[in-house]
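Just so you know, these numbers use all the heavy atoms, side chains as well, and skip hydrogens, waters and symmetry mates. Chain letters run A, B, ... following the sequence lines, proteins first and then strands; every chain starts at 1.
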Amino acid sequence: MTNTEIAAIFSTIADLLEIKGDNPFRVRSYRNAALSIDQLAVTLNYIYKRDEDELEDIPGVGKGIHEKIVEIIKLGHSTLLDELLREMPKGLLEMLKIPGVGPKKVKLFYGELNISDVDALEKAAQSGELRALPKMGEKSEDKILKGIKNYRSLKEKSGRVYHRTAFLVATEIVEFMKKAPVVKRVEFAGSLRRWQETIGDIDILVGVKKNKADESTKHFIDFPGTEEVILSGLTKTTIRLKGGIQADLRVVDESQYGAALLYFTGSKAHNVILRDMAKKAGMRVNEYGVTDEETGRVVASETEEDMYKALGLEWIEPELREGLHELEAAKKGGLPKLITEKDIKGDLHFHSTYSDGSDSLSAIAKAGIERGLEYIAITDHSKAVGIARGMNEQKLLKQCAEIDKVNLRLKDNGESFTLLKGIEVDILADGTLDMDKDVLSQLDVVVAAVHSGFAMDKDKMTDRIQKAMSSGVVNIHAHPTGRLINIREPYELDIDAVITSAKDHNISLEINSHPERLDLKDSHIFLARERGVKVAISTDSHTIDTMPYMSFGIHNARRGWCEKRDVLNTMSLKKLQSYLKQ
DNA sequence: GCCGTTTTCGGCCCGACTGTTTTCAGTCG
């Protein structure tokens, strides 16, 4: 069973215990453990096999959850969950997903009216049965009906959107908010600012001059993309946009902007740990500042730097704020110096008209120069990928000759830009490469990837990739897990073993920057980096229009704690060429 | 159920908004 599946079991246990009215701190423990397990870079199964007791090194996992993990690994299910599901129907869990319906309401509806799923809840709300219950009225019924409608339309779209999708809308909102004269500062916060791969809703933070909150709220509601105002108070407003995404606005006094930005950037786990640390130091942290408990004086609020500093911490990059190791590192002054956009010197995965790309070699070179790159590796598909017009040996050699010509012309024109000869060669089902080795060894860079046989079992797939890695000609292993976010699960793979092989054969793992791929994902990047494996941040562009996607890969690398030295394509052309030759 | 620079018990982040009530519980982030 995967970490995500085991995390889901604990999360479900937490929901059911909460409906039952169990100790809220026990509920929180299961929820924390679920979060922590889902963010883990190694599999629970791997830890269990290596040394069972190490399970308790996972934050939020103690004796009780340790035992339950072992039970799930051994039996394939949890007896506690089975028991809870005998007491309460599964449909109650779905009811929790309706906005405005929480555990107490679910318990009330189930206990008093025997409502056990969303359909029954809808009927009861329509017939006006719910208003007979304590603390329920007509408005509550309306709210639930609306909530059910939204839940159903979102369910079709999986609820979370790609970072890029949310980013484009959020940028529009930010620009719109800047037009209001009362708005002194505005930016997006939340998972968007942390560059999480998918986004649940958009958080916008606005700083205004004293007592000007309502003007900015009015302006926000007038955003042309607004479909419906869900709630609106003095400092907090939520709207639903026409595409279905929800956007939250928070308005604070500009003198408290840093405190609010820190708070609304999160993550929740980061905030919880931060507040706990503050508490131990006699301070209280909220969205308005850091307060010294003893004197009652606010000691920081204006900037994030001030906030962290007041707690004895370095400023932490948003991408690191996941409540994993960053606060400990900040305390010791041991935060990484994250890679930035300007560290990138080239792109090592690019398709041209020689396979399924839409631009010519010279157009790609021109675009590379315009973006200030030193090099782009042309890596078209090999023949196994028929649908992408993959190349045979002959065509590849022909392409190499044209690359030489383009490079000569660039040199004559005084350009310091080079196209590298490369390929994205297929790793066939048996682990051999889809191209003659003698031809491959003539190239500057060989990118290898799996494009078929995704349903292979875990051991076979792992062997297949390891065999390709030991071929002696591969430099980069592309989109290592094959996932498409929200579309296709990664293929079964022992990522630990693949990272070890990459290290043994000095192969770089790709961070594919396409917003639907982001493969490797953040936690695997962290693991690779820890083991000393370099990553290559590539766009896998099929048109020059997607070259800006590099930015998504960079932020993903930052989420994996990558510094400049961890990334292959931060090397200058000269360095890279001698590195690849070795 | 977890956790420990006030350790093995007694805590556990903090505040806004809503709807239903007359002071607050429930939900959300």
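- Shown for residues 302-318 of chain A: no residue has heavy atoms falling under 4.0 angstrom of DNA chain B.
- We find that CD1 of A/Ile199 is positioned 15 Å from C1' of B/dG29, with the value rounded to whole Å.
- Only the C1' atoms considered, B/dT8 is 12 Å distant from B/dC2, to the nearest whole Å.
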Can you give the donor-acceptor pairs under 3.5 Å from side chains of residues 516-523 of chain A to other protein atoms, not counting sequence neighbours?
from	atom 1	to	atom 2	distance (Å)
A/Asp519	OD1	A/Thr481	N	3.1
A/Asp519	OD1	A/Thr481	OG1	2.9
A/Asp519	OD2	A/Thr481	N	3.1
A/Asp519	OD2	A/Thr481	OG1	3.3
A/Asp519	OD2	A/Gly482	N	2.7
A/Asp522	OD2	A/Arg559	NE	3.1
A/Asp522	OD2	A/Arg559	NH2	3.1

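- For A/His514, the ring-ring contact (aromatic ring centres under 6.0 Å, His included) partners are A/Tyr549, not counting sequence neighbours.
- Residue A/Ile98 is classed as a sugar-phosphate contact, given heavy-atom separations below 4.0 Å to backbone atoms only.
- One can place CE of A/Met277 at 13 Å from P of B/dT6, the figure rounded to the nearest angstrom.
- For B/dC13 and B/dG29, the C1' atoms lie 12 Å apart once the distance is rounded to whole Å.
- B/dC12 and B/dT7 have their P atoms separated by 15 Å, with the value rounded to a whole Å.
- Each salt bridge (charged side-chain N to carboxylate O under 4.0 Å, His left out) pair with one or both residues in residues 107-119 of chain A, not counting sequence neighbours, appears once here: A/Asp119-A/Arg152.
- Legend: residues meeting side-chain hydrogen bond (donor to acceptor under 3.5 Å, both in side chains) with A/Asn3, ordered by chain and number and at least two apart, are absent.
- Among residue pairs with one or both ends in residues 71-85 of chain A, none qualify as salt bridge (charged side-chain N to carboxylate O under 4.0 Å, His left out); sequence neighbours excluded.
- For the salt bridge (charged side-chain N to carboxylate O under 4.0 Å, His left out) condition, the pairs that include at least one residue of residues 21-41 of chain A, sequence neighbours left out, are A/Asp15-A/Arg31, A/Glu18-A/Arg31, A/Asp22-A/Arg26.
- Between A/Lys107 and B/dG26, a side-chain N or O to OP1/OP2 separation shorter than 4.0 Å is absent.
- Look at CG on A/Asp57: it is 14 Å from P on B/dC2, rounded to the nearest Å.
- Residues satisfying the side-chain hydrogen bond (donor to acceptor under 3.5 Å, both in side chains) criterion with A/Arg50, sequence neighbours excluded, are A/Glu54.
- Non-hydrogen atoms lying under 4.0 Å from DNA chain B are contributed by nothing in residues 162-177 of chain A.
- Checked against ring-ring contact (aromatic ring centres under 6.0 Å, His included), A/Tyr162 has no partners two or more places apart in sequence or in another chain.
- Distance A/Arg26 CZ to B/dG11 P: 20 Å, rounded to the nearest Å.
- At whole-Å resolution of the value, OH in A/Tyr151 and P in B/dC28 are 14 Å apart.
- No side-chain heavy atom of A/Arg284 sits under 4.5 Å from any side-chain heavy atom of A/Val290.
- Partner assigned to B/dC9 is B/dG4, using Watson-Crick or G-U wobble distances below 3.5 angstrom.
- Backbone-only engagement by A/Pro103 is indicated by non-hydrogen atom pairs under 4.0 Å involving sugar-phosphate atoms exclusively.
- Rounded to whole Å, atom P of B/dG26 lies 9 Å from atom NZ of A/Lys105.
- Close placement of the A/Phe526 and A/His325 rings is indicated, their centers lying within 6.0 Å of each other.
- Nucleotides B/dT6 and B/dG10 are separated by 12 Å at their C1' atoms, to the nearest Å.
- Taking the C1' atoms as reference points, B/dT5 lies 24 Å from B/dG1, given to the whole Å.
- B/dT18 and B/dT23: their C1' atoms are spaced 15 Å apart (whole Å).
- Nucleic acid contact for A/Pro99: sugar-phosphate only, since backbone atoms but no base atoms lie under 4.0 Å from a heavy atom of the residue.
- Side chains of A/Arg193 and A/Thr265: a donor on one and an acceptor on the other come within 3.5 Å.
- Atom name C1', nucleotides B/dT20 and B/dG26: the rounded distance is 11 Å, in whole Å.
- For residues 195-243 of chain A, every residue pair satisfying the ring pair (Phe, Tyr, Trp, His ring centres under 6.0 Å) rule, not counting sequence neighbours, is listed here: A/His163-A/Trp195, A/Phe167-A/Trp195, A/Phe176-A/His219, A/Phe176-A/Phe223, A/Trp195-A/Phe552, A/Trp195-A/His555.
- No engagement by A/Val27 is indicated, since no non-hydrogen atom pair under 4.0 Å with the nucleic acid exists.
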Set out, line by line, the N/O atom pairs under 3.5 Å between protein and nucleotides 12-19 of chain B.
from	atom 1	to	atom 2	distance (Å)
B/dC12	OP1	A/Lys279	NZ	2.6
B/dC12	O3'	A/Arg28	NH1	3.4
B/dC13	OP1	A/Arg28	NH1	2.4
B/dC13	OP1	A/Arg28	NH2	3.0
B/dC13	OP2	A/Arg28	NH1	3.1
B/dC13	O2	A/Arg275	NH1	2.6
B/dC14	O4'	A/Arg275	NH1	2.4
B/dG15	OP1	A/Asn286	ND2	3.1
B/dA16	OP1	A/Tyr288	OH	2.9
B/dA16	O3'	A/Thr235	OG1	3.1
B/dC17	OP1	A/Leu234	N	2.9
B/dC17	OP1	A/Thr235	N	2.7
B/dC17	OP1	A/Thr235	OG1	3.3
B/dC17	OP1	A/Lys236	N	3.0
B/dT18	OP1	A/Ser232	N	3.0
B/dT18	OP1	A/Ser232	O	3.3
B/dG19	O3'	A/Ser140	OG	3.0

